[in-house]
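Encoded as structure tokens, the structure appears first; notes follow it.
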Number of protein chains: 2
Amino acid sequence: MPEDSNVDMEETTLWPLPTPNLCKVCNGTSTGVHYGVQSCEGCKAFFKRAICQYGQSKCYFGGTCLITPETRGRCKACRLQKCLSEGMALDGTKVGRGRGLRNFRAQGSTPSGSPSSSTSVMTPFHSSAGPIRTTSPAGSPAKSIISRPPGADQGHDFIERGCFATAGKPLIIMQPFEHLRRGIPHNVIVNVNNSNTTRDSSCISVKEDEDAVNDREAPKSPQTLGVCLDKIMERELIVHRNATAAQRNAGRFSFMSSYLALLAERNKRLEDTVSGVTEAVAFTYRGQIEDWSHFMARSLSENDDIVLKPDTTIDNLIVTLQASIVNDTELLVEFCRHLPGFSELSRREQARRLSAKFTTAWLLNRAPYVRNRELFSVIGKHHYGRYWMETLLDSQFVRLLFDFMESVNELNLSLTENYLLMAVICLQPSPHLCDPDSIQYVKFLYSHYLDALMHIFSTRHSGNFIQLRSVLMQALAIDALHLRYVSLLDFSRSPIRPVNGIEYSPTLCEVKDDRQPLSDL
Amino acid sequence: MPEDSNVDMEETTLWPLPTPNLCKVCNGTSTGVHYGVQSCEGCKAFFKRAICQYGQSKCYFGGTCLITPETRGRCKACRLQKCLSEGMALDGTKVGRGRGLRNFRAQGSTPSGSPSSSTSVMTPFHSSAGPIRTTSPAGSPAKSIISRPPGADQGHDFIERGCFATAGKPLIIMQPFEHLRRGIPHNVIVNVNNSNTTRDSSCISVKEDEDAVNDREAPKSPQTLGVCLDKIMERELIVHRNATAAQRNAGRFSFMSSYLALLAERNKRLEDTVSGVTEAVAFTYRGQIEDWSHFMARSLSENDDIVLKPDTTIDNLIVTLQASIVNDTELLVEFCRHLPGFSELSRREQARRLSAKFTTAWLLNRAPYVRNRELFSVIGKHHYGRYWMETLLDSQFVRLLFDFMESVNELNLSLTENYLLMAVICLQPSPHLCDPDSIQYVKFLYSHYLDALMHIFSTRHSGNFIQLRSVLMQALAIDALHLRYVSLLDFSRSPIRPVNGIEYSPTLCEVKDDRQPLSDL
DNA sequence: TTTGGTCATAGTTCAGT
DNA sequence: ACTGAACTATGACCAAA
Ligand SMILES: [Zn+2]
Ligand SMILES: [Zn+2]
Ligand SMILES: [Zn+2]
Ligand SMILES: [Zn+2]
């Protein structure tokens with residue numbers, strides 16, 4: 001320490017300012033200001049690695065190693081210490097050609113965090129930089145995806161269940177049998193001979209002797225398992241005196257009542273939420289529902305042959321379609337604004353979420369009006385069904401849309417359930433849709449609405465949870481497709497195609513399990 | 001968060017900011033409209049580079065990365081995708097500069113056409129004359145040069161209007177003459193197959209014609225759905241002023257808190273129950289678990305060939321088996337007595353229930369020690385596995401037992417889950433096991449324990465509810481078999497066979513339509 | 001106001017040790 | 001396992017239109 005500071009003093013006093021090309025850490029040739037300090041390439045890279053990936057290191061020479069271009073490799077601890085004492089830091093690094101404003105930090109006394117002893121703790125912790133990322137030049141082989149920060153955890157579990165299943169932590173410490181199961185036997189049981197168990201195995205043999213002597217040895221008469229069990233039950237249970245019936249009932253009641261009250265209260269909450277959805281529908285989609293129901297009923301009754309003819313020109317239809325998209329979006333926004341709890345999301349997240357969910361909501365809204373691969377919806381004054389969809393859109397894409405709508409249809413949802421499902425889907429807590437501070441809340445909302453859906457869904461005989469789960473998964477795929485394809489579609493001209501020229505392919509629907517690093521969110 | 005400040009501004013001004021200075025791509029601070037989109041310097045430069053010099057890139061995180069100022073550097077593919085879906089395009093619409101021309105010339109071999117069309121290709125095929133050749137990796141030609149579709153205008157005039165001009169929506173102010181100002185009327189064939197003569201003026205004139213034809217709504221300005229959605233969202237959501245972050249948090253809290261309190265209370269109940277099970281295990285099965293785990297681990301590690309040899313005589317084994325049955329029964333009774341709520345059953349029902357569940361519990365207790373069709377359990381001092389089972393018992397019956405244990409195994413249960421499952425099964429409310437006055441209570445207990453099981457089961461990724469349901473059904477079958485067959489087995493002599501002479505057959509497992517409350521699953 | 005260009009600095013790679 | 005020269009990517013700033 002004294003050594004270093006002397007050197008610093010001399011340099012700064014005798015050659016006060018520039019030392020234009022010297023690394024403040026090792027005195028080598030500097031290539032500019034890195035991490036706030038005039039430094040060389042080596043010290044720059046070393047500092048980054050030291051902060052991001054090295055573990056602890058310690059000086060073995062007393063902590064006062066001189067750092068020069070020749071010696072800087074000899075003691076990592078002292079080199080890092082020097083970096084820190086010169087003011088290097090990863091935080092607040094400006095990307096791009098920012099002003100080197102941070103230089104003032106190096107002035108005056110060494111910054112607060114500089115360790116005085118030479119045991120530098122190289123934590124793997126890092127600020128916003130994220131794990132070291134590899135970018136690939138075109139066509140390079142696959143890159144490894146670097147370790148994911150601990151924050152980004154479970155992805156799909158919450159698809160399966162509602163609040164009651166996910167809210168709260170795991171209840172108990174798992175002592176999984178998996179170690180045994182997976183057939184890697186050797187490292188499993190370390191506590192082989194810890195016979196300090198409360199109940200050691202000898203008791204078995206003890207009992208064995210007793211019972212063998214008492215019950216079974218002498219009589220050779222057949223003894224069924226049933227008889228044996230009865231005897232043991234009698235013996236065992238008689239030891240514990242049982243309460244009277246009245247006492248039992250009291251016990252039962254106290255055990256059940258509060259829990260049942262909880263369940264009742266929960267059901268009331270869920271029903272409130274369902275009512276909220278019903279009201280939201282009445283405020284928004286109701287007109288559409290009536291129109292389309294009527295239209296479908298009429299079309300189906302008039303004419304068994306369901307292939308409907310086009311009733312306008314492409315250009316007119318495109319204009320109408322654009323308008324209907326606007327209308328649908330407005331309805332979706334309005335619908336979600338009526339959902340209890342939704343308004344507590346930030347406006348920006350609302351916008352992000354609903355933009356991302358447009359396609360899925362569009363499909364859910366229309367699913368009830370699909371019959372025999374035809375869609376009976378009306379936009380403007382025109383029937384917008386398979387004919388126009390196939391005319392305007394990629395046919396594989398259209399097939400996917402119908403597949404999804406038919407999947408939804410197989411659920412046989414009631415009207416309320418259908419829009420409850422829409423709410424659930426609009427609230428799926430995908431990381432890329434959540435504000436950083438809203439993830440927990442959205443997870444709550446999602447599972448709450450899912451609870452509500454499951455609640456009314458399960459009261460019906462047809463409740464098909466597997467299919468429901470499948471639909472939720474498909475919705476995620478549609479969301480992915482929306483981002484990658486649908487939102488790039490140019491709806492202003494006749495073959496509606498994406499502006500980036502990447503045509504539809506099923507791979508666009510793939511939902512990978514990967515989560516992008518969310519460390520600093 | 002920048003958003004908060006915006007919200008605050010909003011609160012004070014009472015008038016929604018028309019377009020906050022936010023980058024449409026990354027939500028950072030915008031510096032104006034670049035390439036047709038309100039964007040920041042970074043996204044502007046990125047887009048330019050991405051189009052002109054980068055090769056293709058691909059997302060390694062699933063293709064739905066969130067793009068924020070902090071995260072935008074992590075995934076080029078998603079950033080570019082977002083740029084495109086927001087409508088960014090390189091073309092000559094805002095040709096304001098000659099520098100680029102100079103640059104093109106300096107590069108040599110520039111297509112000499114008008115500067116605005118130099119990169120204008122709508123197809124996924126890239127123009128062979130890539131304008132800027134850089135040091136991009138060798139042989140990565142395929143980057144389609146994106147161009148703004150003809151007719152796209154830029155700047156604020158478009159932003160002010162709803163996208164798609166919101167045909168039929170009176171609240172939007174049309175600016176039908178905006179394009180007249182810019183474009184020279186020009187009769188070009190309507191561009192379903194957009195010819196590459198994408199001069200700005202021509203496209204605008206086309207659009208004008210369309211406007212005139214279609215009752216002056218919906219100018220055909222090519223826009224992606226993504227842009228459209230953004231604009232509507234902005235318009236719709238801006239009408240409803242959002243609360244401050246603090247207000248939102250308060251709202252969230254009030255919405256969540258009582259419900260979460262319910263959940264917490266419920267989880268506490270479940271947790272209590274699970275703890276009860278864990279304690280019950282510690283009091284009863286713990287010694288067995290340790291012994292058998294150790295035995296299995298040792299057996300598997302010593303010897304890949306798992307066929308274990310008999311280590312005693314049949315007569316000895318039968319005696320030992322009898323003793324172990326006694327022991328198992330005692331353990332089962334003791335285990336269930338520790339289960340919260342179980343003691344409130346009448347002694348008679350306890351006995352009836354546990355007698356009936358003996359076989360199922362026996363199997364559940366041993367399922368974790370089954371590997372490759374071998375059972376690694378120890379009774380007395382002897383291994384009791386497939387060899388002895390098949391020697392003593394009906395081989396079809398043995399096969400059934402192994403089938404069930406392997407089904408249980410497939411659930412990959414933790415230790416606690418395994419015995420929680422045992423509790424659930426012991427509490428199945430079959431009518432023939434219940435006292436008349438206890439049916440409701442048993443149903444409650446059953447669903448309570450099932451809740452607890454589902455709860456911890458669902459927190460694990462492997463939660464396989466279908467398999468769980470299947471196991472519960474199989475358990476009922478085993479119960480039926482126990483009554484009809486197992487309890488009649490005479491364990492006192494060597495081939496263990498039923499005293500009534502009715503040999504095992506699968507029909508004995510049939511469960512009458514007993515209407516078990518499995519709908520809870 | 002928007003454009004292309006600049007360039008200091010950040011991040012990444014890979015042969016060398 | 002670490003190092004660092006060389007390379008690529010980023011974006012604030014700028015001058016020009
Ligand atoms: Zn240096
Ligand atoms: Zn040192
Ligand atoms: Zn941006
Ligand atoms: Zn990505």
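As a basis for the values below, the full set of heavy atoms in this structure was taken, side chains included, without hydrogen atoms, waters or symmetry mates. Sequence lines set the chain letters: A, B, ... in the order given, protein chains first and strands last, and positions in each chain run from 1.
- Across all strands, A:Gly73 comes closer than 4.0 Å to no nucleic acid atom at all (heavy-atom distances).
- Under the 3.5 Å distance criterion, the side-chain polar atoms of B:Thr71 are matched with a main-chain donor or acceptor of B:Leu66.
- Defined by atom type and a distance below 3.5 Å, a donor-acceptor pair is present between the side-chain atoms of A:Ser346 and A:Asp435.
- Counting to the nearest Å, the C1' atom of C:dT2 and the CE atom of B:Met88 are 12 Å from each other.
- Contact annotation for A:Arg74: no contact, since no heavy-atom pair falls under 4.0 Å across all strands.
- Judged by the 6.0 Å distance and 45° axis criteria, A:Arg79 is positioned over the aromatic ring of A:Phe46.
- When the nearest nucleotides of DNA chain C are assigned to B:Ala45 and B:Gly32 by heavy-atom distance, the more 5′-ward of the two goes with B:Gly32.
- A donor-acceptor contact shorter than 3.5 Å is absent between the side chain of A:Arg72 and the backbone of A:Ile67.
- Put simply, OH on B:Tyr35 is 13 Å from C1' on D:dG11, counting in whole angstrom units.
- Nearest nucleotide to the A:Arg79 side chain, out of D:dG4, C:dT9, D:dC2: D:dG4.
- When the P atom of D:dG11 is taken as reference, atom NZ of B:Lys44 falls 12 Å away, rounded to whole Å.
- With hydrogens and angles ignored, a donor-acceptor pair under 3.5 angstrom links the side chain of A:Arg49 to the base of D:dG4.
- If you measure from atom CZ of A:Arg72 to atom C1' of C:dT17, you get 14 Å, rounded to the nearest angstrom.
- Between B:His34 atom NE2 and D:dA12 atom C1' the separation is 11 Å, expressed in whole Å.
- One can place CZ of A:Phe46 at 17 Å from C1' of D:dA5, the figure rounded to the nearest angstrom.
- For A:Leu90 and C:dT9, the CG to P distance is 16 Å, given to the nearest whole Å.
- The distance from atom NZ of A:Lys48 to atom P of D:dT3 is 15 Å, rounded to the nearest whole Å.
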